[in-house]
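In what follows, every heavy atom counts, from backbone to side chain, and hydrogens, waters and symmetry copies are set aside. Please read these numbers as outputs of a predicted model, since none were measured by experiment. Order of listing sets the numbers, starting from 1, for every ligand and every atom in it.
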Amino acid sequence: MTVKTALITGITGQDGSYLAELLLRKGYVVHGIVRRASTFTTQRIDHLYRDPHDPEARLFLHYGDLTDGTRIAGLLKQVQPDEVYHLAAQSHVRVSFDEPECTGDSTGLGTTRLLEAIRTTGLPCRFYQASSSEMFGAAPPPQNEGTPFHPRSPYGAAKVYAYWVTRNYREAYGMYAVNGILFNHESPRRGPTFVTRKVATAAARIKAGLQEVVHLGNLDARRDWGYAAEYVEAMWRMLQQNEPDDYVVATGVSHSVHEFVEQCFAHVGLDWRDHVRFDERYLRPTEVDHLIGDASKAESQLGWRATVRAPELARLMVDAELNVLRNGRAPGDQAAPTAVPAPAAR
Ligand code: NAP
Ligand code: F7E
């Protein structure tokens, strides 16, 4: 049996870590692009790492940045992947209002750099673009593959650009390039400034007496929250089809931020109203009010369906935070202490 090789951009992120786990389980050789930082950023994947001199090693990391097209083309030539999963992005919606230009560069143009590198190197690899429900923005729910886009942030606008560039390379050059339009998906590995993780962490810490309140913004927005570990399976399935296509991935159910907060605090026996304070700094100049994904195409064509919904997700995330307070970080948790050298030393 031929061993497949995958290249993951954004391997140090939430989704990148779950996808790397999945692909390694499936027998792939996995290469990941890591951007250089002044400290270690590989905490979510340290548990997957083996010394590259180990003959069993199947995970390899390389320095690279989405803003550096030459480096990306060089890595593609070196790695010769069968499948490219493009997950790297400035992914925080609120931050994209503060850094719109940088967000456009990495989240938007980064996709073009990667596609153009694939085209010019002539590699016959398959390409996955991490598109987002934020592209739908103000379009009323439920949203599916045919819903017109109306982005409400520089992040959403950059993702719309990347979506269309991906489709254009498919149509213009016959590339196997797909858009996975994923609705919000969360986990204990979610970045700490996204609302689900922020609230789960706060509920656990307040229960433990380590803090008293948490400051939040708009509690009325509704999201279709699923579980990240399940969503990476849909990404992989999109690259195993006969023809490239675009798919919505979602649970089909929405909850308000307020409901998610209530569920987290109730799980530890607390009344959220005693511990949540409003802070306008967490508001966005334009908000996405209501997202509900219609993932029936993914279900019928990919055989994929979400099983974890928001209430279970809230419990799972709060339990993970309680466990951290009792026992320290679990493998893959982004705040785990690292004992692994940086990519250059590997
Ligand atoms: P995440 O945790 O924020 O991870 C983003 C990854 O991109 C990190 O590995 C980050 O590296 C990397 N990155 C950022 N800028 C980069 C640059 N200039 N060059 C190279 N790497 C860079 O995001 P996620 O939640 O895993 O999401 C994965 C992808 O799916 C993103 O494109 C996101 O926009 C998209 N998406 C996410 C959701 C969701 O609900 N999670 C839904 C739809 C779409 P560092 O570790 O160094 O920061
Ligand atoms: O906000 C509200 C906030 O930042 C969710 C990214 O993965 O999913 C994510 O984008 C909601 C918004 O995620 C706070 O106003 C209230 O209505 O967790 P979030 P997001 O903006 O939905 C999409 C699909 C992506 O593609 C993105 O990459 O919660 N909210 N109070 C708050 N949000 C945050 N972050 N912090 C608060 O204190």
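Two rings, from Y155 and H92, have their centers 6.0 Å or more apart. A centroid separation of less than 6.0 Å is found between the aromatic rings of H31 and F60.
Residue, atom and distance of the protein heavy atom nearest to atom 12 (C) of ligand 2 are R223 NH2, 3.5 Å. The protein atom (non-hydrogen) at minimum distance from atom 38 (O) of ligand 2 is K198 NZ, 2.8 Å. In terms of protein heavy-atom proximity, atom 10 (O) of ligand 2 is closest to V93 CG2, 3.6 Å. Looking from atom 11 (C) of ligand 2 to the surrounding protein, the closest heavy atom is V257 CG2, 3.9 Å. When only non-hydrogen protein atoms are considered, atom 2 (C) of ligand 2 lies nearest to N218 O, 3.7 Å. Distance from atom 20 (C) of ligand 1 to its nearest protein heavy atom, with residue and atom name: L66 N, 3.7 Å. The nearest heavy-atom contact from the protein to atom 15 (O) of ligand 2 is E287 OE2, 2.6 Å. Protein heavy atom closest to atom 14 (C) of ligand 2, with residue, atom name and distance, is V195 CG2, 3.6 Å. Looking only at protein heavy atoms, the nearest one to atom 6 (C) of ligand 1 is G10 CA, 3.6 Å. The protein heavy-atom contact nearest to atom 30 (O) of ligand 1 is A130 CB, 3.4 Å. The protein heavy-atom contact nearest to atom 20 (P) of ligand 2 is N184 ND2, 3.7 Å. Of all protein heavy atoms, the one lying nearest to atom 1 (P) of ligand 1 is S91 OG, 3.7 Å.
The nearest non-hydrogen atom to atom 7 (O) of ligand 1, considering only A88, G64, S133, comes from A88. Between Q129, H185, R113, it is H185 that holds the heavy atom closest to atom 38 (C) of ligand 1. Between atom 19 (P) of ligand 2 and the options H92, R284, R152, the minimum heavy-atom separation is to R284. Between atom 5 (C) of ligand 1 and the options G226, A89, S187, the minimum heavy-atom separation is to A89. Considering only non-hydrogen atoms, atom 35 (N) of ligand 2 lies nearest to T193 out of T193, V276, V199. With D15, D65, T12 as candidates, the residue nearest to atom 17 (C) of ligand 1 on a non-hydrogen basis is D65.
Side-chain atoms of K198 do not come within 3.5 Å of backbone N or O of T193 as any donor-acceptor pair. Put simply, the side chain of K159 gets close to the backbone of A130: a donor and an acceptor are under 3.5 Å apart. Not a single donor-acceptor pair under 3.5 Å links the side chain of R170 to the backbone N or O of M175. Checking side-chain atoms of R94 against main-chain N and O of R284 turns up no donor-acceptor pair under 3.5 Å. In this structure, S132 contributes its side chain and M135 its backbone to no donor-acceptor pair below 3.5 Å. Between the side chain of D82 and the main chain of K4, no donor-acceptor pair closer than 3.5 Å is present.
Using a 4.0 Å cut-off to heavy atoms of S132, the atoms of ligand 2 that qualify are 23 (C), 24 (C), 25 (C), 26 (O). Within the listing of ligand 1, atoms 2 (O), 4 (O), 8 (C), 9 (O), 26 (O) sit less than 4.0 angstrom from a heavy atom of G13. In summary, the atoms of ligand 2 found under 4.0 Å from a heavy atom of A221, numbered by their order in the structure, are 17 (O). Proximity to N184 (heavy-atom distance under 4.0 Å) selects the following atoms of ligand 1: 40 (O). Short contacts between ligand 1 and R190, defined as distances under 4.0 Å to a heavy atom of the residue, involve ligand atoms 25 (O), 39 (C), 40 (O), 41 (N). Less than 4.0 angstrom separates some heavy atom of L182 from each of these atoms of ligand 1: 42 (C), 43 (C). Atoms of ligand 1 lying under 4.0 Å from any heavy atom of L87, numbered from 1 in the order shown and given with element: 28 (C), 29 (C), 31 (C), 32 (O). Near F194, meaning under 4.0 Å from one of its heavy atoms, ligand 2 places the atoms 4 (O), 6 (C), 7 (O), 18 (O), 35 (N). Near Y155, meaning under 4.0 Å from any of its heavy atoms, are these atoms of ligand 1: 33 (C), 34 (O), 35 (C), 36 (N), 44 (C). If you number the atoms of ligand 1 from 1 as listed, the ones under 4.0 Å from a heavy atom of Q14 come out as 2 (O), 25 (O), 26 (O), 41 (N). Interface atoms of ligand 2 facing Y282, defined by a heavy-atom separation under 4.0 Å, are 37 (C), 38 (O).
Counting heavy atoms under 4.0 Å from ligand 1, residue R35 touches it through the side chain alone. Contacts between S91 and ligand 2 below 4.0 angstrom, taking non-hydrogen atoms only, involve backbone and side chain alike. Contact annotation for K159 and ligand 1: only side-chain heavy atoms (C-beta onward) come within less than 4.0 Å of the ligand. When heavy-atom distances to ligand 2 are checked against a 4.0 Å cut-off, K159 has no atom that comes that close, whether in backbone or side chain.
Using cut-offs of 30° and 60° for the angle between ring planes, the Y163 and F149 rings count as perpendicular. Ring planes of Y85 and Y128: tilted class, angle from 30 to 60°.
The closest approach between a heavy atom of R190 and any atom of ligand 2 is below 4.0 Å. Residue contact check for ligand 1: R189 places no non-hydrogen atom closer than 4.0 Å to it. Ligand 1 does not have Y231 within reach: every non-hydrogen atom of the residue lies 4.0 Å or more from it. The shortest separation from a heavy atom of S131 to ligand 1 is under 4.0 Å, placing the residue in contact.
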*Show your reasoning for whether side-chain contact (heavy atoms from CB on, under 4.5 Å) applies to Q241 and Y176.*
CA-CA 10 Å; Q241 304 305 302; Y176 191 111; 3.4 Å; yes

*Check the pair I292 / F183 against side-chain contact (heavy atoms from CB on, under 4.5 Å), numbers first and verdict last.*
CA-CA 8 Å; I292 308 179; F183 283 59; 5.7 Å; no

*Any chance you could lay out the side-chain contact (heavy atoms from CB on, under 4.5 Å) test for S256 and D220, step after step, and finish with the verdict?*
CA-CA 6 Å; S256 65; D220 295 328; over 6 Å; no

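Put simply, the residue from V257, N218, N184 that forms a side chain to side chain contact (heavy atoms under 4.5 Å, CB included) with V195 is V257. With respect to E321, the salt bridge (Lys or Arg N to Asp or Glu O under 4.0 Å) criterion is satisfied by exactly one of R205, R197, R326: R197.
Taking the charged nitrogens against the carboxylate oxygens, R113 and D65 have no contact shorter than 4.0 Å, which rules out a salt bridge.
For residues 282-321, every residue pair satisfying the ring pair (Phe, Tyr, Trp, His ring centres under 6.0 Å) rule, not counting sequence neighbours, is listed here: Y231-W304.
Geometrically, ligand 2 and G217 share a nitrogen or oxygen pair separated by less than 3.5 Å. Checked by distance only, ligand 2 and S133 stay at 3.5 Å or farther apart across all their nitrogen or oxygen atoms.
In plain terms, the two heavy atoms of A139 and P148 that are nearest each other are CB-O, 3.5 Å.
Annotation: Q80, atom CD; neighbour count of heavy atoms from other residues, nucleotides and ligands within 6.0 Å is above 12.
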